[in-house]
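Take a look at the structure set out below.
Just so it is clear: chains get the letters A, B, ... in the order the sequence lines come, proteins before strands, and each one is counted from 1.
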Amino acid sequence: MDIGFLYSTFLTLMAALPTTLALFALSVFIGGLLALLVVWMRVSGNPVLSAFAKVYIFVFRGSPLLIQMFLIFYGLAQFSIVRHSFLWPYLREPFDCAVLSLALCTAGYSAEIFRGGIRAVSAKEIEAAKAIGMSGFLLVRRILAPIAFRHALPAYSTEVVLMMKSTALASLVTVWEVTGVAQRLISQTYRTMEVFLCAAVIYLVLNFILLQAFALLEYALSRHRRAPSFATVDAAKTA
Amino acid sequence: MASFELLGFGPTGWGALLIGATLMTLAVTAAALAIGAVVGTAVTAAKLSSRVPLKILGNAYTTVFRGVPELLIIYLIYFGGSSVVTAFGKMLGYDGFLGLPSFLAGSLAVGLISAAYQAEVYRGAYLAIATGEIEAALAIGMPRAGRLRRIIMPQVCRFAIPGLGNVWQLSLKDSALISVTGLAELMRTSQVAAGSTRQYFLFFIAGGCLYLLLTSFSDQVFNWFERRANRSMPTATIGKA
Amino acid sequence: MSDALPLSVRNIRKSFGRHEVLKGISLDARQGDVISLLGASGSGKSTFLRCINLLEIANGGEIWVDGEQVRWHHKAGRTRVDSQKQIDRIRSNLGMVFQSFNLWSHMTILENVIEGPVHVLKRPKADCRAEAETLLEKVGIADKRNAYPAHLSGGQQQRAAIARALAMKPKVMLFDEPTSALDPELVGDVLRVMRALAEDGMTMLVVTHEMGFARTVSNRVVFMKEGLIDSSGTPDEMFGGAASPAFHQFIGHFER
Amino acid sequence: MSDALPLSVRNIRKSFGRHEVLKGISLDARQGDVISLLGASGSGKSTFLRCINLLEIANGGEIWVDGEQVRWHHKAGRTRVDSQKQIDRIRSNLGMVFQSFNLWSHMTILENVIEGPVHVLKRPKADCRAEAETLLEKVGIADKRNAYPAHLSGGQQQRAAIARALAMKPKVMLFDEPTSALDPELVGDVLRVMRALAEDGMTMLVVTHEMGFARTVSNRVVFMKEGLIDSSGTPDEMFGGAASPAFHQFIGHFER
Amino acid sequence: KEWKNVTITTEGAYAPWNMTNSQGKIVGFEPDLIKVLCARAKLDCKLVASDWDGMIPALTAGKFDVIMDALSITDERKKVIDFTIPYAVTPAAFATASDSDLAKAPGTGTTLKMTPGEKGVKGIEALRKVFKGKTIGIQAATVYAKFIYDNFGDIATIREYKTGADRDLDLKNGRIDLGFDDAVYFNDAFSAAKGALAFTGPKIAGTIWGEGEGLGVRKSDTDLRDKFNAAIKSALADGTVKTLSMKWFKTDVSP
Ligand SMILES: Nc1ncnc2c1ncn2[C@@H]1O[C@H](COP(=O)(O)OP(=O)(O)OP(=O)(O)O)[C@@H](O)[C@H]1O
Ligand SMILES: Nc1ncnc2c1ncn2[C@@H]1O[C@H](COP(=O)(O)OP(=O)(O)OP(=O)(O)O)[C@@H](O)[C@H]1O
Ligand SMILES: [Mg+2]
Ligand SMILES: [Mg+2]
């Protein structure tokens, strides 16, 4: 192993880390908001909204992000209507397009995950809330969302980690984040394994921190499930 | 150049190749899901085990296989796997290169990744089982294996189906990365067709549609299983009133 | 409208699939009425209470709360309420204690109790907390205020559920077997709480198996059988011998 | 070993965190004993039953079933049983009816009942099914045999849970409030079933709030208070006035 | 080791060098040429498709014996694998949208010969004036990328694409003003773009692009390399390469 090479590779890759992190943070944030909108439409009971949400989830969950990103970046720009619209200043920018397609895609996945969390809420607890006159947003905010979010958390943490890795595709649209830079290094040096290992370490550390943070959050949100003593946690399940 | 001619089954049409590639993607993903189910079950057992070393091992597996970019894992298995096989061949006296076939290497790589995701799904499903029901099984003296087979597995399957649907989607998309091994699956075939004919949009849209076709087909299968598994559950209403 | 009935139910019917659980039930409750609802397991008592506050929407009949009719309609094979606002308002005046408690698992007992007053009635949190503490004291689980439902014994959960319903200060209370998980001492305590409520003029509809309560606290006893009201009357009439043979057979087991 | 006690518990202690729920409980059950366990809510009755069949592992004390000591040990701050085989064998001889029923939600009622006999005791399915039908008939829910637990009323679930425990033909039965969700008619039915079991010589430990049962069916009454046995004796001794003042206060509410 | 069976890999998606037809067969300039070369070297060759990204690692791992994929002979690559002598040398050129005001930049239609590291060439200076403030798209990690950075990095915005095809799409879409790449590649791309794109400025040729395109082999396989070297020499000498080049590229790329 060539330590000097690994070190310089590592430095080169680290220079691209801010791009990766910016892509990640923005797309997770925007995608999360979009997902809430989509899941709201999906469970709204309104057949039109619900059908729209179903199609949305189907398309963005069902096709590879690579193709989505390609069509959004190179495809949309083909139409002169798009090029002359007020959106063009944004759609012209590779970074904005990358964030847009990442966010659209994760919104489809997250919506489905949130819906799963909602379905896991006990019907009885919902009834108890309805019985004291809660409905609509209040019911969602006080009872449904906290329980559903707790249920959805493990799946959602997986999705967030996937997003971190999905940012790698942004080099397709000329946004050079960590993986893209790694691939460029490889086509310059042909030391595939060494470069990829450096990249892997970076992603592993990032994702490890993310997963740890989620585990902490999960722990904090499950006080009501833990026994107050530790000796008997899950006594039934482990005995 | 009429696009349906390019997508058709005539002498200049790519239809047959694309259909073949779609089936290849389906086959790789199915194989990966099966590999992932076996490995994933073992990893789940380790993660839920009360033995600390096993627990650490299980957690390390899911952290690494979820945390490292898929492409690297595919590289490691495709290239690393063949050096292992080659070394093994040398030991047996065969001198020369022995490779893992692309299909095997690809589905193994995607399968091992899928195992990490499946393990998370199974763990979540296990924790969703009402403790009281497991206690009821304990109380009649049902031994561990019986509990697993009669009470836990059926309910884990029930709770895991939606999550498995998601994992299937992930594996379907991960299978696109196997193109680096040269396997003619859907993504690679779309790209090759696009590059060779310079009809990029046509073939990317066609590829996207074929992926959607696979998705809708598999959604139907998973929905069927979910309906079957939820026969015993009351349907919760979240809508009005 | 002060002379309107707090609760009036006309000819309620409800089916699950082909199984008709309620076959036309009518009931009027006057201000301060304490009505005991008796009946065999599966006779539809819980379902009746759930229909009253619209957790199940009846297939037919009318419900009037405080002189106001609860409106619903059938559309495309589904039954829906006309105005969610109306339902919410009515429900916050109808307290309900569930047979299976249904405490919110992600909140402590205290949080469970103050949830409604603070977030539905929008009352100041400090007041609600003080009242909640008093209520928890009254039902005897003040020391468990910061525990989560999963860590309570059955009886403790049931009392928390009662406190939660009372905290809303509803005009009418619907109790579904409020003492099923309690020991005799606590049954006594809870029944005393209910008796005090009755004396304060609260209207109550109580599904119960406690004949002592039915006989001494309630002023009307309704006996359900297979989805219909078999007989009803004052406790004296019912237990005195004026009731149907079916009721006598039913309580016969108790007298043993 | 036929003269060994079916169940003998010595000085059982159990804490949850810092909260000591059982503070040293000893109890011997002879063949055919029917022991009523009374006590206020939260006094530790459910916990005691759960300790007996090792759903909770006690922090101290000894448990002997049929002359055989149940072994457990402490290691690295955790308590574990020595031999899972032993526990499974012992448990299949100890029937348990849970306070919260705990029916298996993915199985129909009939499947719930035959599960143990078929898959733990490995008896022929046809026999088990026939016996199960008889049992369901006996507790009055034969018509619900193919329904899932989620679609049953509270009382129906409780009876299914009793049938499930009986189907195992255990030597000792532990009942945790087996009639809490039942109406008087059914209480009568279920108590009759239990009385018949007692006459057949089954050993039973019954947490109950039914003083009628405690007085007439059981041959011993144990009164728990704050994690300790406050007093115990035959029903005549206990209800006759020989018991502690605490017990009298406890049942006083019942006599009202 | 006695060479008899040789596995050759190519991408099969880099028209017209190598591409896949709708029957799944790999065709193009290089497949035609390799048939000739193998026959002359008396080798039994099998051509298989693989992905560009995994190609060089797969070669060193032993999955294939030869790469033939318009692989430029560069010093960087020579550190990892060995090359035969070149069988093709191609100039590079700028492309722009036909209706752009950058069409017909100074020197259009001429060829400029350059050597590695050459500075202050007159033709380039003229281009710098016209290209000031424009955006130039290049394929990442190619020899062309280095050239553009060295000569235009200070006056123009440079955007790197993973593939030339992506860059061509953006050139048509107007996100970038200029592209720079292999002229032979552009020739073919222009015919697919139906006149929307055109060359501008001089073609750049000479040793600046290294020795040309050769076959890649493992460093250990010197005997195999020598066999192919001999075959390429004879194919160049008798004009076979030129014939094939005219057939596929409509221009002569033989060195
Ligand atoms: N969601 C449901 N789906 C189908 N059947 C139901 C449902 N809920 C209740 N039932 C049936 O309706 C009947 C009445 O149930 P209900 O819960 O009202 O009885 P109950 O009078 O409250 O009995 P208990 O005293 O045992 O609680 C029962 O036979 C039950 O099986
Ligand atoms: N898992 C647990 N974690 C913490 N505390 C617990 C747990 N289970 C029970 N407790 C506490 O132990 C005490 C005894 O509970 P237990 O369920 O044994 O009471 P019980 O006598 O059965 O009461 P009830 O008649 O209300 O069912 C209660 O105060 C309860 O809060
Ligand atoms: Mg009921
Ligand atoms: Mg209890």
Practice task
Using atom types as modelled and distance alone, determine if a side-chain donor or acceptor of B/Lys173 lies under 3.5 Å from a backbone N or O of A/Arg61.
Solution key: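 Judged by distance alone, yes, a pair lies under 3.5 Å.
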
Practice task
List the steps and the verdict of side-chain contact (heavy atoms from CB on, under 4.5 Å) for B/Val68 and A/Tyr203.
Solution key: CA-CA 6 Å; B/Val68 172; A/Tyr203 281 102; over 6 Å; no

Practice task
For the residue pair B/Arg66 and A/Thr158, confirm or rule out a side-chain donor-acceptor distance under 3.5 Å.
Solution key: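 The criterion, which ignores hydrogens and geometry beyond distance, is satisfied for A/Thr158 and B/Arg66.
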
Structural part of [X] lying under 4.5 Å from a heavy atom of chain B:
X        : value
A/Leu210 : neither
A/Ala200 : both
A/Gln78  : side chain
A/Leu66  : side chain
A/Gln183 : side chain
A/Leu211 : side chain

Handout entry: Heavy-atom pair with the smallest gap, counting every atom of B/Gln169 and A/Gly62
Key =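 Here B/Gln169 and A/Gly62 meet closest at OE1-CA, 3.7 Å.
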
Handout entry: Heavy-atom pair with the smallest gap, counting every atom of A/Leu204 and B/Val64
Key =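 Closest pair (atom of A/Leu204, atom of B/Val64, distance): CD1-CA, 3.8 Å.
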
Practice task
Flag yes if more than 12 heavy atoms outside A/Phe58 fall under 6.0 Å of its CZ atom; otherwise flag no.
Solution key: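 Counting neighbours around CZ of A/Phe58, more than 12 heavy atoms of other residues, nucleotides or ligands fall under 6.0 Å, so yes.
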
Exercise for the section: Return yes when atom CZ of A/Phe208 has more than 12 non-hydrogen atoms of other residues, nucleotides or ligands closer than 6.0 Å, and no otherwise. Expected result: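 No.
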
Atom pair [atom1]/[atom2] of [X] and [Y] - distance to nearest 0.5 Å:
X        : Y        : atom1 : atom2 : answer
A/Thr179 : B/Leu72  : OG1   : CG    : 10.0 Å
B/Thr63  : A/Gln212 : OG1   : CD    : 7.0 Å
A/Lys165 : B/Asp174 : NZ    : CG    : 7.0 Å
B/Ile74  : A/Phe196 : CD1   : CZ    : 10.0 Å

Below 4.5 Å from any heavy atom of chain A, which atoms of [X] appear? Answer side chain, backbone, both or neither.
X        : value
B/Leu76  : both
B/Glu133 : neither
B/Phe203 : neither
B/Thr62  : neither

Practice task
Determine, step by step, whether A/Glu159 and B/Asn166 satisfy the side-chain contact (heavy atoms from CB on, under 4.5 Å) criterion, reporting the C-alpha distance in whole Å, the side-chain angles of both residues, the deciding distance to 0.1 Å, and the verdict.
Solution key: CA-CA 10 Å; A/Glu159 171 61 17; B/Asn166 259 334; over 6 Å; no

Practice task
For each of A/Leu162, A/Leu65, A/Ile113, tally heavy-atom pairs with chain B at distances under 4.5 Å, and name the one with the top tally.
Solution key: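 Of the candidates given, the most pairs with chain B belong to A/Leu162.
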
Exercise for the section: Please say which of A/Phe70, A/Tyr74, A/Phe73 ends up in a ring-ring contact (aromatic ring centres under 6.0 Å, His included) with B/Phe201. Expected result: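 In the set A/Phe70, A/Tyr74, A/Phe73, the residue that makes a ring-ring contact (aromatic ring centres under 6.0 Å, His included) with B/Phe201 is A/Phe70.
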
Practice task
Going by the side-chain contact (heavy atoms from CB on, under 4.5 Å) test, name the single residue among B/Leu172, B/Leu212, B/Leu214, B/Ile205 that passes it with A/Ser63.
Solution key: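 Between A/Ser63 and the candidates, side-chain contact (heavy atoms from CB on, under 4.5 Å) is satisfied uniquely by B/Leu212.
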
